[in-house]
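Ligands are counted one by one from 1 in listed order, and the atoms in each one are counted from 1 as well.
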Amino acid sequence: MQRRTAPGAAKLLASALLIGCLATGRAAAQDWGDTPYVQTPQNVVDTMLDIAKVGPGDYVIDLGSGDGRMVITAAKQRGARGFGVDLDRKLVALANRNAARLGVADRAVFYQQDLHATDVSAASVMTIYLLPEVNLMIRTRLLATLRPGTRIVSHDYGMGQWLPDYQTELAAPGKTVGIGQRSKILYWVVPGRAAGRWLWRLAPDGKPADFELALQQNFQAIEGTLKSGGRSARIDQPRLSGEQISFTVQVNGATHDYTGRIVNHAIDGKVRIARDGKSRELPWSAARVEIWDPRHAALNTEQALKEIQ
Ligand SMILES: C[S@@+](CC[C@H](N)C(=O)[O-])C[C@H]1O[C@@H](n2cnc3c(N)ncnc32)[C@H](O)[C@@H]1O
């Protein structure tokens, strides 16, 4: 990764982490894109894993794993498996010793490896505590590589225009950086690819009718227009979470509530149709006849990095 001069805002944040490093007695060569070692307080680790609902079926990857606490806690307390990577050889050795001491060395493993060169495709949950510019450096790759539905949980820093699905702030006793010993937790679900032109047929009144949905996507945000019987209407309450999609739309005086799951170029789900106080449910199967790129796919890493300038 090419080194660049840190822009103002990021430099301040980097300095905050660096001050933390110095406060904890660790020297660090701080530069743009080099995240120094600062521990996530244990109560923040626990809350991050709660928010991501980490359980026995999960595979957790921590990029920049420090003493291993994210993956070790996920393995020890929630029965998950996973690995962490860190550039610092001593921290990697410490993390593997900690995993052995706590009896989870078979499920929590740590490697000395650059996070930018780490294959993350096995993750069902990814944890990060990295500088904001590093989050933006890895964003394109995470969106392209992680399976839809993978949960990402970040300590303190966001992903620029990729807004979190959920965000909270909490007391972080013992935190050595930032102001007032508080931490932010930000949470995303990797969105499936929903953009495109979708077709389906329904017989809401006994007569078959054709529906065409033009769906635009930017990260997990979707918007679209539904055409049927020569009329068109914007969809309301659109929501995309991983592969799960839902929206509401008014069709000929009836309210259609669609919920379904996108699998490749098909959606399978159901639609609840309500009119005059009565409602009924029908199966919903849609086929994608045109695939469009989500808007975020046009942003490369250089463009993403400008989001913090
Ligand atoms: C802020 S600490 C977070 C440690 C741990 N994940 C936690 O939350 O307690 C960031 C860690 O990332 C590591 N790191 C920085 N750049 C890295 C890179 N390119 N590849 C792998 N690890 C890196 C640092 O050595 C440091 O241990």
Test item, [X] contacting ligand 1 (heavy atom, 4.0 angstrom):
X: Asp34; value: no
X: His155; value: no
X: Pro36; value: yes

Is the closest N or O pair between [X] and ligand 1 shorter than 3.5 Å?
X: Met70; value: no
X: Leu91; value: no
X: Thr40; value: yes

Ligand 1 versus Thr127: contacting region, heavy-atom distance under 4.0 Å
neither
Heavy atoms only, cut-off 4.0 Å: how does Asp62 contact ligand 1, side chain, backbone, both, or neither?
side chain
Exactly one candidate in Thr47, Asp156, Thr168 meets side chain to side chain contact (heavy atoms under 4.5 Å, CB included) with Ser183; the answer is Asp156
Using a strict 4.0 Å cut-off to heavy atoms of Gln113, name the atoms of ligand 1 that fall inside it.
20 (N), 21 (C)
Enumerate the atoms of ligand 1 whose separation from the nearest heavy atom of Asp114 is less than 4.0 angstrom.
18 (C), 19 (N), 20 (N)
Within a reach of under 6.0 Å around CZ of Arg141, are more than 12 heavy atoms found that belong to other residues, nucleotides or ligands?
yes
For Arg78, I'd like to know if atom CZ has over 12 heavy atoms of other residues, nucleotides or ligands within 6.0 Å.
yes
Go through the steps to decide whether Trp198 and Tyr258 satisfy the test ring-ring contact (aromatic ring centres under 6.0 Å, His included), and finish with yes or no.
CA-CA 13 Å; Trp198 295 87; Tyr258 287 91; over 10 Å; no
Applying salt bridge (charged side-chain N to carboxylate O under 4.0 Å, His left out), can you list everything that pairs with Asp210, at least two apart in sequence or on another chain?
Arg201
Going by side-chain heavy atoms closer than 4.5 Å, which hydrophobic residues are tied to Leu199, directly or by a chain of links?
Val289
Please determine whether a side-chain nitrogen of the Lys or Arg among Glu169 and Lys184 lies less than 4.0 Å from a carboxylate oxygen of the Asp or Glu.
no
